[in-house]
Amino acid sequence: MLEGGLYEGLYFIGGISSLGKTTLAQQITDQIAEAGGDVLIFSLEMSRTELISKTVSRLTLLDIIQNNGNTRDAKTARGITTGTRYFNYSPTEKALINRAVTTYSQFAEHIFIHEGIGDIGVDAVRAEVAKHIKYTGKKPVVLIDYVQI
């Protein structure tokens, strides 16, 4: 469907609310970061914590699949961020979360999250990209979530 991957250019993912657009885009950007590419995320709807918890959640499931564990131990993003639930998790579930966080930390240095409540415009994005290139020498992939805001 992608004819071998994504190529240089502008891509839009559209759809009705709560369809998984952010999750799909974030999986793509996580894989770019895992491969060593830099990613700038401009999140106009979700907080940094929410975005990170989505990745950690996905990593708990991947860990379980790779190690033939019980998929019921995988954690949702809400299960990651709700501290009161953590105290009731088994040692196995806590270890799973800790491994997922460790895995995330191995590529998180390539992910730069900018939070905003509708106050990030084209000029701000352009300035941040230019600043990133100046300081790192790397052209980043840019995710704006979501453009309608």
When rounded to the nearest 0.5 angstrom, what is the spacing between [atom1] in [X] and [atom2] in [Y]?
X      : Y      : atom1 : atom2 : answer
His114 : Leu143 : NE2   : CG    : 11.5 Å
Ser43  : Ile144 : OG    : CD1   : 11.0 Å
Ile32  : Gln27  : CD1   : CD    : 12.0 Å
Ile113 : Thr29  : CD1   : OG1   : 8.5 Å
Leu40  : Lys131 : CG    : NZ    : 10.5 Å
Asp30  : Thr23  : CG    : OG1   : 10.5 Å

Backbone of [Y] reached by a side-chain donor or acceptor of [X] within 3.5 Å:
X     : Y      : result
Thr82 : Gly79  : no
Asn67 : Gly69  : no
Glu93 : Ser90  : yes
Ser53 : Thr49  : yes
Arg48 : Glu115 : no
Glu50 : Ser47  : yes

Quick one: does [X]'s side chain get under 4.5 Å of [Y]'s, heavy atoms only?
X      : Y      : value
Thr60  : Asp73  : no
Asn70  : Ile64  : no
Tyr104 : Ile111 : yes
Gln31  : Ile28  : no
Leu59  : Arg99  : no
Pro140 : Val39  : no

Problem - Pair Lys54, Thr22: side-chain N/O donor-acceptor within cut-off below 3.5 Å - result: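 No.
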Practice task
Classify the side-chain pair Thr55/Gln26 by whether it contains a donor and acceptor separated by less than 3.5 Å.
Solution key: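 Side-chain D/A pair, Thr55 to Gln26: present.
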Handout entry: Cluster overlap Ile13 with Leu19, hydrophobic side-chain contacts below 4.5 Å
Key =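 Each belongs to a different hydrophobic cluster.
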Handout entry: Hphob cluster co-occupancy, Leu62 + Leu96, side-chain heavy atoms under 4.5 angstrom
Key =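 Looking at the clustering, Leu96 is in a separate group from Leu62.
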Problem - Aromatic ring pairing His132/Phe112, orientation class (parallel under 30°, perpendicular over 60°, tilted between) - result: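 Because their plane-to-plane angle is over 60°, the rings of His132 and Phe112 count as perpendicular.
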Handout entry: Whichever hydrophobic residues join Ile65 through chains of side-chain contacts under 4.5 Å
Key =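 Leu61, listed by chain and number.
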Problem - Face-on cation placement of Lys75 at Tyr89 ring, 6.0 Å and 45° thresholds - result: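 Yes - Lys75 lies over the ring of Tyr89, closer than 6.0 Å to its centre and within 45° of its axis.
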Problem - Heavy-atom closest contact (Phe87 atom, Lys94 atom, distance) - result: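 Of all heavy-atom pairs spanning Phe87 and Lys94, the closest is O-NZ, 4.2 Å.
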Practice task
Please name the pair of heavy atoms, one in Glu128 and one in Phe42, separated by the smallest distance, quoted to 0.1 Å.
Solution key: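 Closest approach of Glu128 to Phe42: CB-CZ, 3.7 Å.
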Handout entry: Heavy atoms of other groups near Lys138 NZ, more than 12 under 6.0 Å
Key =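 Yes, the 6.0 Å shell around NZ holds more than 12 heavy atoms from other groups.
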Practice task
Inspect the surroundings of CZ in Arg78 and state if more than 12 heavy atoms from other residues, nucleotides or ligands are less than 6.0 Å away.
Solution key: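 No, not enclosed.
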Exercise for the section: Take Lys21 and Asp145, measure what salt bridge (Lys or Arg N to Asp or Glu O under 4.0 Å) needs, and give me the verdict at the end. Expected result: CA-CA 9 Å; Lys21 299 175 297 294; Asp145 186 30; over 6 Å; no
Problem - Ion pair Lys139/Asp38, N-O distance below 4.0 Å - result: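 Looking at Lys139 and Asp38, the cut-off is not met.
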